There are 2 protein chains.
Amino acid sequence: MAYKVLVVEDDVTLQETLAYNLARQEYDVVKTGNGRTALTLARKEKPDLIILDVMLPGLDGFEVCRILRQEMSMPVLMLTARAEEIDKIVGLEVGADDYLTKPFSMRELMARAKALLRRVELTREETTAAQTDQPPKPQTAVLTFGNLAIDDGRREVRLNDKPIRMKPKEFDLLQFLARHQGIALSRDLILERVWGWSYDGNSRTVDVHVRWLREKIEPEPSKATRIVTVRGVGYRFDG
Amino acid sequence: MAYKVLVVEDDVTLQETLAYNLARQEYDVVKTGNGRTALTLARKEKPDLIILDVMLPGLDGFEVCRILRQEMSMPVLMLTARAEEIDKIVGLEVGADDYLTKPFSMRELMARAKALLRRVELTREETTAAQTDQPPKPQTAVLTFGNLAIDDGRREVRLNDKPIRMKPKEFDLLQFLARHQGIALSRDLILERVWGWSYDGNSRTVDVHVRWLREKIEPEPSKATRIVTVRGVGYRFDG
DNA sequence: AAAATTGTTAACAAAACCATAACACCAACC
DNA sequence: GGTTGGTGTTATGGTTTTGTTAACAATTTT
């Protein structure tokens with residue numbers, strides 16, 4: 001699922017640049033230039049990460065961070081123009097998780113945001129596994145279906161322990177299908193999750209890729225038993 | 001005589017903040033953002049205390065600490081962003097004297113630094129006369145993959161027991177890949193971990209370095225089997 | 001100061017990838 | 001049995017990604 005990022009920055013141009021770049025990474029973006037609104041939004045939207053400027057009209061970034069810290073635990077990345085403020089930012093007093101001093105490169109900001117979100121991912125897996133008593137599906141391990149193994153870490157698919165060459169999209173698609181094994185998935189959903197929401201194209205694309213997948217993992221591609229067609233809907237992966 | 005403190009932190013701003021605060025306490029400060037330079041400086045300057053960040057480009061803090069521990073005995077205070085690393089830090093594996101998790105307050109850091117230096121003062125008095133003239137015995141943590149050995153301690157790569165000349169970045173890169181053997185690593189991740197966060201350049205840089213590595217460790221560089229390309233992602237080291 | 005070494009970038013070549021179109025097929029409904 | 005709409009299949013050309021080399025800049029060594 002896409003991460004949600006709250007951008008709190010009163011400089012309109014910077015705010016938009018940030019939002020644009022984050023959106024390009026397929027993050028959901030919520031933005032505001034006001035400290036008080038930031039609090040409201042944070043409570044309502046429960047973002048996975050907050051990018052927070054220090055200099056804000058009204059309630060400043062320090063305050064916002066401090067207050068949020070008492071209520072929630074999402075990581076906060078602070079932006080500041082003054083190096084002297086850093087003590088305060090990463091210190092106990094405010095307690096941000098990371099910071100950047102202006103001017104900063106967008107690349108670095110993205111890298112750091114990504115790093116913070118990686119941390120979220122780890123804890124998220126732990127906690128969701130604890131909550132649901134569903135069969136815990138470790139996202140990192142190897143999905144195995146009989147003689148078929150989908151190895152996340154190596155980004156490799158093996159059939160009878162023999163690695164099979166997969167194109168990137170093929171791997172992503174197979175992984176997505178396999179992760180939702182036994183559920184009929186619509187082409188639209190598949191497109192959205194594997195190709196990304198910004199993809200604007202023909203849903204027949206899925207068919208073609210499914211065909212290629214079948215070629216590689218089905219003994220008889222024309223009589224598919226693993227990736228089954230669900231007429232009127234899309235496809236379903238059966239172990 | 002004033003104490004000498006070595007600050008190893010790649011985040012320039014934090015590095016400066018640390019240096020500034022230490023200098024205010026009348027300590028002599030030597031600083032670097034690079035793990036390897038840290039080793040050199042430590043050997044040359046023989047500081048009384050080292051403040052060492054874990055996340056460093058190239059040689060990370062764990063390594064630096066581990067290597068130094070075999071040669072010298074000054075206290076090491078480690079900085080980390082992740083609570084999970086603590087066991088490792090204070091455990092035998094790394095053996096730091098103290099640690100702080102980011103974010104921390106400058107006040108607390110200063111307090112701990114002072115405490116560690118107090119300990120130095122005591123031992124210094126006791127042992128100034130009876131110095132050990134035993135040369136440091138570099139113990140080898142060697143990653144071995146068939147005929148390929150990556151010697152952490154000596155910072156040397158051997159193919160069929162014959163040392164191979166490696167540029168620093170090449171070694172760092174190879175080491176990083178080898179440490180995460182069997183996992184597909186994205187160019188972004190590689191850049192972040194080997195070149196550092198603030199690196200702002202082209203990800204093709206990785207390609208070029210990989211090429212050079214392959215030239216040195218692959219029998220047939222164009223048909224790489226050790227450093228495998230994972231299309232759409234990056235590279236993977238297979239033993 | 002010259003020379004060697006090293007890291008980075010640019011530019012081009014080569015390979016892989018993928019969306020789409022066009023047509024064939026099939027299954028359900030009338 | 002024919003029609004219709006959904007799905008299967010294949011080929012293709014444009015795009016993206018990666019490989020490779022060389023040149024340049026920066027650094028270190030001599």
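Order of the sequence lines fixes the chain letters, A, B, ..., with proteins taken first and strands second; residue numbering starts at 1 for each chain. From a predicted model like this one, the values you see are computed outputs, not experimental measurements.
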K.L.:
Got a list of protein N/O to nucleotides 12-17 of chain C N/O distances below 3.5 Å?
P.N.:
| from | atom 1 | to | atom 2 | distance (Å) |
| --- | --- | --- | --- | --- |
| C/dA16 | O4' | B/Arg231 | NH2 | 3.4 |
| C/dA16 | O3' | B/Arg231 | NE | 3.3 |

K.L.:
A quick test of your reading: do over 12 heavy atoms of other residues, nucleotides or ligands sit less than 6.0 Å from CZ of A/Phe145?
P.N.:
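Yes, CZ of A/Phe145 has more than 12 neighbouring heavy atoms, counting only those of other groups under 6.0 Å.
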K.L.:
Would you check if the distance from the ring center of A/Phe237 to the ring center of A/Phe176 is below 6.0 Å?
P.N.:
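No, ring centres 6.0 Å or more apart.
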K.L.:
When the nearest nucleotide of DNA chain D is assigned to B/Val208 and to A/Val233 on a heavy-atom basis, which residue is associated with the more 5' position?
P.N.:
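Looking at DNA chain D, the more 5' nearest nucleotide goes with A/Val233.
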K.L.:
The side chain of A/Arg187 is closest to which nucleotide in this list: D/dT9, D/dT18, D/dG8?
P.N.:
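Out of D/dT9, D/dT18, D/dG8, the nucleotide with an atom closest to A/Arg187's side chain is D/dG8.
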K.L.:
Considering just the side-chain nitrogens and oxygens of A/Thr205, establish if one lies under 4.0 Å of OP1 or OP2 belonging to C/dC18.
P.N.:
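No, outside the criterion.
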K.L.:
I want to confirm an ordering. Mapping A/Arg211 and A/Gly232 to their closest nucleotides on DNA chain D, which one lands closer to the 5' end?
P.N.:
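Result of the comparison: A/Gly232.
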K.L.:
Give the rounded distance in Å between these two atoms: CG of A/Leu173 and C1' of C/dA19.
P.N.:
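Computing the A/Leu173:CG to C/dA19:C1' distance gives 14 Å.
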K.L.:
When you measure from the side chain of A/Trp212, which nucleotide among D/dT20, D/dT9, C/dA19 comes out closest?
P.N.:
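Of D/dT20, D/dT9, C/dA19, C/dA19 is nearest to the side chain of A/Trp212.
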K.L.:
Return the value, rounded to whole Å, for the distance between atom CG of A/Asn202 and atom C1' of D/dT10.
P.N.:
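Answer to the nearest Å: 16 Å.
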K.L.:
Rounded off to whole Å, could you give me the CG-to-C1' distance for the A/Leu213 and D/dT9 pair?
P.N.:
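So the two atoms are 15 Å apart, to the nearest Å.
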K.L.:
Are B/Tyr235 and D/dG19 close enough that a side-chain N or O sits under 4.0 Å from OP1 or OP2?
P.N.:
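For B/Tyr235, the contact criterion (side-chain N or O under 4.0 Å from OP1 or OP2 of D/dG19) is met.
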K.L.:
Specify the closest pair of heavy atoms between B/Ala38 and B/Leu6, including all atoms of both residues, with the distance to one decimal.
P.N.:
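Result for this residue pair: O-CD2, 3.7 Å.
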K.L.:
Any ion pair linking B/Asp238 and A/Arg154 (charged N to carboxylate O, less than 4.0 Å)?
P.N.:
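Yes, this pair counts.
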K.L.:
Describe, in one word, how the ring planes of A/Tyr199 and A/Trp195 are oriented to each other, choosing from parallel (under 30°), tilted (30 to 60°) and perpendicular (over 60°).
P.N.:
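Because their plane-to-plane angle lies in the 30° to 60° range, the rings of A/Tyr199 and A/Trp195 count as tilted.
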K.L.:
Could you tell me if A/Arg158 and A/Thr144 have a donor-acceptor pair between their side chains, going purely by distance under 3.5 Å?
P.N.:
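No.
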K.L.:
Between atom CG in A/Asp207 and atom C1' in D/dT9, what is the gap in whole Å?
P.N.:
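Interatomic distance, CG of A/Asp207 to C1' of D/dT9: 10 Å.
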K.L.:
Round to the nearest Å and state the distance from A/Glu215 atom CD to D/dA11 atom P.
P.N.:
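The distance from CD of A/Glu215 to P of D/dA11 comes to 11 Å, rounded to the nearest Å.
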K.L.:
Please check the phosphate of D/dG19 (OP1 and OP2 only) for any side-chain N or O of B/Arg214 closer than 4.0 Å.
P.N.:
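Answer is yes, contact under 4.0 Å.
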K.L.:
Rounding to an integer number of Å, can you tell me how far B/Ile227 CD1 sits from D/dT20 P?
P.N.:
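These atoms are roughly 12 Å apart.
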K.L.:
Taking any heavy-atom pair under 4.0 Å as a contact, classify B/His209: base, sugar-phosphate, or nothing.
P.N.:
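Base, at least one base heavy atom under 4.0 Å.
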K.L.:
Could you state the atom-to-atom distance from CD of A/Glu170 to C1' of D/dT17 in whole Å?
P.N.:
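That distance rounds to 16 Å.
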K.L.:
Do the side chains of A/Glu170 and A/Lys216 get close enough for a salt bridge, i.e. N-O under 4.0 angstrom?
P.N.:
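So A/Glu170 pairs with A/Lys216 through a salt bridge.
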K.L.:
Over how many whole Å does the gap from A/Glu218 atom CD to D/dT9 atom C1' extend?
P.N.:
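Going from A/Glu218 (CD) to D/dT9 (C1'), I get 16 Å.
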